[in-house]
Each structure stands twice: as structure tokens, then as C-alpha cells.
Amino acid sequence: MVNAAPLATQRDSISSIVRRRPPAALIAAAVLAAAMVLLPLALTLLQATQVSPRDAIDLLARPLVGILLVNTIGLVLATTTASAVIGTAAAWFVERTDLPGRQVWAVLAVVPLAIPPFITSYAWVSMSNALQDFAGALLVVTCAYFPLVYLPVAAALRGLDPALEETARSLGEGVWGCFFRVVLPQLRPSLFGGMLLVALNTLVEFGAFALLRFRTFTTEIYAQYRTGLDGPESSLLAVVLIVLCLLCLLAEVRVRGSARLARVGRGTGRTASAYSLGRMRWPILVGFVCLTAATLGVPLGMIGYWLIQHAQAATSPVVPSVSRLVSATAASVEFGVAGAATTLGLAFPLAYLATRYHGRWVIVLERIAYLAQGVPGIVAALALVSLTVNVIRPLYQSSALLIITYSILFLPLALVSVRATLTQVQPSLEEAGRSLGLGWFAVTRRVLLPLVARGLGAAAALVFVSIVTELTATLLLSPIGTRTLATQVWADTSSLAFAAAAPFAALMLLLSLLSTWLLARGFGATALGRMI
């Protein structure tokens with residue numbers, strides 16, 4: 001017989017925490033984080049309302065807006081579909097078949113996440129200018145974003161009950177019938193979640209499309225800002241971009257549905273039997289080789305190629321020097337560390353409220369924080385530029401403003417990570433600390449933080465790598481005279497100084513790969529896939 005006393009004790013501990021009123025400082029910190037997310041959205045909408053309805057219709061009815069809509073929506077649909085097919089197929093072959101070198105391919109399928117899309121674009125453009133069209137943009141962003149589908153689908157496949165497939169096979173289903181009729185429906189939440197991330201990232205991508213000379217809403221908004229035409233008109237384009245992001249969020253919820261896919265009982269954990277590929281083994285292996293060559297071989301190969309082109313580097317408009325490399329690296333690391341610390345500081349109160357207290361207001365605050373996932377970086381940056389120029393002038397082009405912008409943009413990443421970590425800590429441990437007379441801050445510092453330190457470190461690594469590779473907000477908000485690795489690569493590549501950009505690109509990839517390795521150590525492959 002199972003002893004119900006420990007379960008009852010844990011339920012009582014959770015209930016006591018839920019009933020207790022959260023500290024005022026905790027509420028204030030959570031409200032501050034939510035308000036920061038709403039700020040750029042409110043400013044953008046306020047600027048857009050300054051345009052009269054007639055002028056707004058005239059501006060949005062221009063042929064240019066139609067071209068931008070066709071380019072943006074078409075590319076989002078094509079990229080999301082291609083990433084879904086490639087990511088799901090790769091996950092299936094790695095997790096469920098006897099593909100040779102499965103462990104190696106599992107790692108190589110994730111590594112492209114550490115390569116920023118504009119670096120991938122830099123590599124392809126420096127190899128051939130023929131890719132500056134829709135097909136080139138589709139190739140670049142698919143190579144960069146398909147791991148966003150691969151990771152959660154692979155994690156779901158590892159946790160899927162193999163008895164479902166075994167039952168289907170015993171009823172006469174073949175390998176492909178079993179996949180499409182049994183496995184694929186079970187992968188729906190992970191698959192659609194990954195597709196949502198691909199769609200959102202494609203919508204807000206700027207650097208890759210700018211280098212490819214492919215016009216989207218982000219490139220057009222930036223062009224208007226650089227030519228001095230930033231104002232209510234560009235705010236209308238920003239509103240259209242925000243609406244597209246929100247439509248993606250709503251579509252994912254609608255398509256995913258509300259079906260419950262969890263197993264009824266706990267069961268016994270088993271590893272699924274690998275399907276034999278037979279004569280298809282070698283063609284599929286060649287496909288993985290081609291995929292790796294496109295996603296990793298071209299970026300790393302072209303960076304290596306331009307690193308050894310000393311003659312072209314010497315004749316480039318700006319010759320990279322050790323001092324410039326050190327300065328750009330230091331700026332990237334400083335912004336990354338400060339931004340990661342600030343973002344975690346904002347995410348922790350929200351995550352703690354969401355995991356320890358119930359109530360509609362808690363849900364509202366958490367959902368507001370996730371809205372940042374649908375706020376394009378260029379929209380947030382331009383909104384804060386307008387605010388600081390007109391209201392808070394001392395913050396304009398300051399390091400503090402850039403760090404605040406990073407915190408707004410990457411708050412959802414930190415919130416998901418910290419929330420997942422806090423859910424693994426039993427509330428009874430905090431109750432034990434309070435029963436010994438410790439206050440909320442003392443319990444957090446002496447009991448909770450040591451238990452979640454590893455998860456917080458992995459979350460910090462995730463935010464750090466996102467900041468180091470961020471381009472749009474950094475271009476618009478970085479202090480005058482400050483160059484990061486990302487902005488230096490952008491500056492050199494825009495002037496076709498590919499050899500001069502190579503050292504900065506190599507250092508940025510090194511930082512990104514190191515942070516990704518730390519992140520994988522903190523969460524593990526399966527946990528990371530579920531988090532994404």
C-alpha cells in the first residue's frame with residue numbers, strides 16, 4: 001500500500017504557499033517586468049494613431065506595402081514548411097532508425113542554432129551574389145532555423161511511449177503508416193511549437209535579409225529610419241509587423257488544439273526499437289551530409305577561407321587590428337553579461353509568482369511577459385529611441401538603454417528557462433526554511449537559489465548567446481563609437497569587406513558555441529528541446 005502522508009504533506013505545503021499573499025517587493029518587480037514589455041508596444045501604437053485614418057489607408061494601400069506583405073508572408077510560410085519537414089525528418093531518422101552515426105548527427109543538427117542567421121547570410125553572399133532573391137533568403141533562414149523544430153520534436157520522440165508504435169505495428173501498420181497515423185499526431189504540440197518559433201524568427205529577422213538585399217518589413221523600417229523618414233508612417237509598418245507576429249501566436253494555439261496527448265499511467269520507461277532503413281540507409285546518410293554541409297560547412301568554411309585571405313584583408317577599407325578585435329569582443333561580452341543578469345533579474349520574480357502563487361493577475365502578468373516574443377527587435381528599438389529622444393534624453397544611445405532593450409526582447413527566453421527550473425524544486429523545502437524563522441528573501445537566498453543555480457546558469461547562457469549575436473537593436477541603440485562583434489561584421493560585410501569581417505565573425509561564433517555548450521550542459525538535450 002502506498003503511504004499517502006508524504007503526498008498530503010506536500011499538497012498542504014503547496015496550498016499554504018498559494019494562500020499566502022506574495023511580498024509587495026515581489027509583486028512590484030513582476031509588475032515592472034510586465035510594464036517594460038508593454039512599453040514599446042504602447043509607444044508604437046501611440047505613434048501610429050497620430051496618422052489620420054485617410055492617410056493611414058493611403059499609406060498602407062501603397063504597392064510597396066503589398067510587395068512587403070508578399071515577400072514577408074511568402075517567406076514565412078515557405079521557411080516554416082521547409083523547417084518543419086527537415087526538422088521532423090531529421091529527428092525521426094536520428095531517434096527512431098538505425099542511421100549510422102546517430103549520436104554525431106544529433107549534435108550536428110543542433111549546432112546551427114549557435115550560428116546567427118546574418119553570419120550564415122554573410123557566408124553565402126560572400127560565396128555568390130546569385131542568392132540575393134527569394135530562394136536565397138529561403139535557403140539561409142531554413143539553414144539557420146530548422147533546429148528550432150528538430151530539438152522539440154527529437155525531445156518528444158524520446159519521451160514518446162513505444163507501446164503506441166508497437167501496437168500499431170502488431171495491427172499491420174507499416175513503418176510510414178505508423179509514423180503518419182500514430183507518431184505524428186503525438187508530436188503535434190512540439191512540432192507546432194517549433195514551427196511557431198521559426199515563423200516568429202523569420203518575421204523579425206533583419207540582418208540576413210538586409211545582406212541578401214531581400215525586402216521585408218524589417219528591412220524597410222530600418223531603411224526609413226536610416227534615411228530620416230522614421231515617424232508615424234514607419235510606425236504603421238511596425239504595427240503591421242506586430243499584427244503578423246500576433247497572428248502567428250494565435251494560429252499556433254488554434255492549430256495545436258486542446259487534445260490531451262499524455263499517457264494515462266506512468267508506465268515503465270523504455271527505449272523504442274530502431275527501425276531498419278535497409279537500402280535507404282545510404283541515400284539518407286548522404287542527405288544528412290548535404291544538410292550539414294549547407295548549415296555548418298558553408299558558414300565555417302567561408303569564414304575560414306576569408307581568414308586566410310590576408311591580401312584582401314590588407315586592401316579592405318578597414319583593416320582589422322588586434323585592438324579592434326579586443327574592443328569589439330569586450331563590448332559584446334560586457335553587454336551579454338549585463339543583459340543576461342538584468343533579464344534574469346526581471347524573469348525570476350515572474351517565474352516565482354507563476355510557480356508558487358495562483359490567481360488571474362499572476363496569469364495576466366506572465367502572459368504579458370510572453371508578448372515580448374511577438375515584438376520585433378527593430379520595433380522595440382525604434383520605440384525606445386523615440387521615447388529617449390523626446391522624454392528621457394540622457395538615456396539616448398546609452399549602454400543602459402541597450403541593456404534594457406535586451407531585457408525586453410529576451411525576457412521570454414529567460415522566463416521559460418527559470419520557470420522550468422523552479423517547478424523542479426519542492427515548495428516544502430521553502431516552507432521548512434520559513435518554519436525556522438527565515439523571511440522570504442532569506443529563504444530565496446539560502447534555500448532556493450542554491451537549488452536552482454545550475455538552471456539559472458543555463459538560462460543566463462541562453463540569454464547571453466542571444467545578446468552576443470543580436471544585431472538590429474544593437475545597430476540602432478549602441479553608444480556612439482561602440483562596436484560589438486555583430487555590428488562590426490555587419491559594417492564590414494555591408495561594404496563587401498568580407499576578409500575584414502572574418503575575424504569578428506570567427507570570434508562571435510566561438511562565443512556562441514561556448515555559450516551553447518554551457519547551455520546544453522545545464523539543461524541537457526532533452527530538457528532543452530522541451531524548453532524550446
Side-chain angles (χ1 to χ4, degrees), residues 29-47 145 148 193 196-206 217-218 221 235 238-253 335-336 338-354 361-388 400-420 459-460 462-474 476-477 531-532:
V31 171
L32 174 63
M36 288 176 61
V37 172
L38 289 177
L39 181 61
L41 286 172
L43 290 173
T44 302
L45 293 175
L46 180 62
Q47 288 182 339
Y145 292 140
L148 294 175
L196 171 65
L197 291 177
V198 173
L200 290 175
N201 279 279
T202 304
L203 275 174
V204 303
E205 177 57 41
F206 163 73
F217 279 101
T218 54
I221 293 172
S235 296
V239 169
V240 174
L241 188 57
I242 292 174
V243 169
L244 291 176
C245 291
L246 294 179
L247 287 177
C248 286
L249 292 171
L250 294 175
E252 190 269 341
V253 173
F335 285 134
T342 305
T343 308
L344 286 183
L346 293 174
F348 190 86
L350 276 169
Y352 190 85
L353 278 174
W361 61 274
V362 175
I363 297 175
V364 170
L365 288 177
E366 186 183 15
R367 292 296 181 266
I368 289 175
Y370 285 124
L371 282 178
Q373 196 172 30
V375 180
I378 192 168
V379 172
L382 289 178
L384 293 176
V385 165
S386 177
L387 175 67
T388 53
L401 179 63
L402 183 56
I403 292 170
I404 291 172
T405 307
Y406 288 147
S407 301
I408 295 173
L409 295 177
F410 302 121
L411 180 60
L413 294 179
L415 182 57
V416 170
S417 308
V418 176
R419 198 185 197 283
L462 178 62
V463 177
F464 177 85
V465 70
S466 301
I467 292 175
V468 168
T469 59
E470 203 281 332
L471 176 64
T472 313
T474 312
L476 295 172
L477 299 175
M531 182 187 69
I532 292 180

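What you see below is based on every heavy atom in this structure, not just the backbone, and it leaves out hydrogens, waters and symmetry mates.
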Find out whether L409 and I467 are in side-chain contact, i.e. whether some heavy atom of one side chain is under 4.5 Å from a heavy atom of the other. no
Can you confirm whether M36 sits close enough to I404 that some side-chain heavy atom of one is under 4.5 Å from a side-chain heavy atom of the other?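 Side-chain contact under 4.5 Å: yes.
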Residues two or more places apart in sequence or in another chain: which of them pass side-chain contact (heavy atoms from CB on, under 4.5 Å) with [X]?
X	value
A29	P349
P376	V204, L241, I242, C245, I378, V379
L196	L200, C248, L249, E252
A414	T343, L344, A347, V463

In sequence, state the C-alpha distance, the side-chain angles, and the governing distance for L43 and S386, and then conclude on side-chain contact (heavy atoms from CB on, under 4.5 Å). CA-CA 8 Å; L43 290 173; S386 177; over 6 Å; no
Minimum heavy-atom separation for [X] to [Y], with atom names?
X	Y	value
V198	T202	O-OG1, 2.7 Å
A351	V418	CB-CG1, 3.6 Å
F464	G336	CD1-C, 3.4 Å
S407	L346	CB-CD1, 3.7 Å
E205	T218	O-OG1, 2.7 Å
L353	A30	CD1-CB, 3.3 Å

Passing option when L39 is tested against V375, T44, L384, I408 for side-chain contact (heavy atoms from CB on, under 4.5 Å):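 For L39, the side-chain contact (heavy atoms from CB on, under 4.5 Å) check succeeds only for L384.
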Separation of [Y] [atom2] from [X] [atom1] (nearest 0.5 Å):
X	Y	atom1	atom2	answer
Y370	L411	OH	CG	9.0 Å
F410	T405	CZ	OG1	10.0 Å
I403	L477	CD1	CG	11.5 Å
L476	L402	CG	CG	10.0 Å

Looking at residues at least two apart in the chain, or sitting in another chain, which of them share a ring pair (Phe, Tyr, Trp, His ring centres under 6.0 Å) with F206?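 Listed in chain order: Y222, W490.
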Suppose we screen for side-chain hydrogen bond (donor to acceptor under 3.5 Å, both in side chains). Which residues come up paired with T474, at least two apart in sequence or across chains?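 side-chain hydrogen bond (donor to acceptor under 3.5 Å, both in side chains) list for T474, sorted by chain: Y406, E470.
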